[in-house]
Amino acid sequence: ETGVTQTPRHLVMGMTNKKSLKCEQHLGHNAMYWYKQSAKKPLELMFVYSLEERVENNSVPSRFSPECPNSSHLFLHLHTLQPEDSALYLCASSQGDRNNSPLHFGNGTRLTVT
Amino acid sequence: GQNIDQPTEMTATEGAIVQINCTYQTSGFNGLFWYQQHAGEAPTFLSYNVLDGLEEKGRFSSFLSRSKGYSYLLLKELQMKDSASYLCAVRGDDYKLSFGAGTTVTVRA
């Protein structure tokens, strides 16, 4: 139990589908993140929310749309994805104003785009 | 940009010691983190270094040299459950964490 819960664990979708990934943190943190993890590559930061305000959008294509309704919940809305978007999508949270605050990750959603 | 290098794979025997090196070139430095990630699971926090020297936590130790842009994670008395990927991450002056590609450690009986 990491304190960060992601659903679903696995998702298969066609290129014309619309789906959403959900993340919830129970740690009282004030910052939340979406990362993409592809095989043999470094984790890629996609979005950062601090105090529910988006502070980072790392040149992510518009087919990925984040939403942070409150400090405990984070969504990633997906539409018209490409096969190269298949990856593990990790949500994380931290206490954003402390340098030594580590990221706490969820177990991720394994996404396959067909 | 940020550049973080670590070996792709390492293999060691149960009970042995393994040292995973990480070198970094980043814009500023506000700390270095090590994470462990088992297959299909979340990365979990192992250690944090911001000052030069060695931090010890049980069987795991982490070392930092800021002048050399270098860190290592030392795993002692290896156990089968230590087979995992180990991620080095650096917080730069933008306060974002940049990750290396990870080192897969395989522990053999």
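A note on names: the letters A, B, ... follow the listed sequences, proteins ahead of strands, and every chain is numbered from 1.
In this structure, B/Tyr35 and A/Pro102 have side chains that are in contact, with non-hydrogen atoms separated by less than 4.5 Å.
With hydrophobic clusters built from ILVMFWY side chains whose heavy atoms lie under 4.5 angstrom apart, A/Leu43 does not share a cluster with A/Tyr89. Transitive grouping of hydrophobic side chains (ILVMFWY, heavy atoms separated by less than 4.5 Å) brings B/Leu78 and B/Phe60 into a common cluster. The cluster map of Ile, Leu, Val, Met, Phe, Trp and Tyr, joined by side-chain heavy atoms under 4.5 Å apart, puts B/Leu46 and B/Tyr72 in different clusters. A continuous path of ILVMFWY side-chain contacts below 4.5 Å connects B/Val90 to B/Tyr86, so both sit in one hydrophobic cluster. Under the 4.5 Å side-chain heavy-atom criterion for Ile, Leu, Val, Met, Phe, Trp and Tyr, B/Tyr48 and B/Tyr70 are members of distinct hydrophobic clusters.
Counting all heavy atoms, side chain and backbone alike, A/Lys40 lies closest to B/Ala101 at O-CB, 3.8 Å. The nearest pair of heavy atoms linking B/Pro43 to A/Gly106 is CD-O, 4.4 Å. Nearest approach of B/Leu97 to A/Tyr35, heavy atoms of both residues: O-OH, 3.5 Å.
Considering only heavy-atom pairs separated by less than 4.5 Å from chain A, the leading option among B/Leu87, B/Asn30, B/Thr8, B/Ile4 is B/Asn30. Heavy-atom pairs under 4.5 Å with chain A peak, among B/Gly31, B/Gly100, B/Ser98, at B/Gly100.
Of the two parts of A/Leu45, only the side chain, counted from C-beta on, holds a non-hydrogen atom closer than 4.5 Å to a non-hydrogen atom of chain B. Residue A/Gln37 touches chain B through its side chain alone, counting heavy-atom pairs closer than 4.5 Å. In this structure, the portion of A/Lys41 lying under 4.5 Å from any heavy atom of chain B is its backbone and not its side chain. For B/Gln6, no part lies near chain A; criterion is any non-hydrogen pair under 4.5 Å. Contacts of A/Arg110 with chain B are absent, with no heavy-atom separation under 4.5 Å from either backbone or side chain.
A/Phe105 has its ring centre no less than 6.0 Å from the ring centre of B/Phe45.
Annotation for B/Lys76: atom NZ counts as buried by contact number, over 12 foreign heavy atoms lying within 6.0 Å. Residue B/Glu77 qualifies as open at atom CD: its count of foreign heavy atoms under 6.0 Å is 12 or below.
To the nearest 0.5 Å, atoms CG (A/Leu88) and CD (B/Glu41) are separated by 11.5 Å. Between atom CG of residue A/Leu103 and atom CZ of residue B/Phe33 there is a gap of 7.0 Å, rounded to the nearest 0.5 Å.
For A/Asn107 (side chain) and B/Ala42 (main-chain N/O), a donor-acceptor pair under 3.5 Å exists by modelled atom type.
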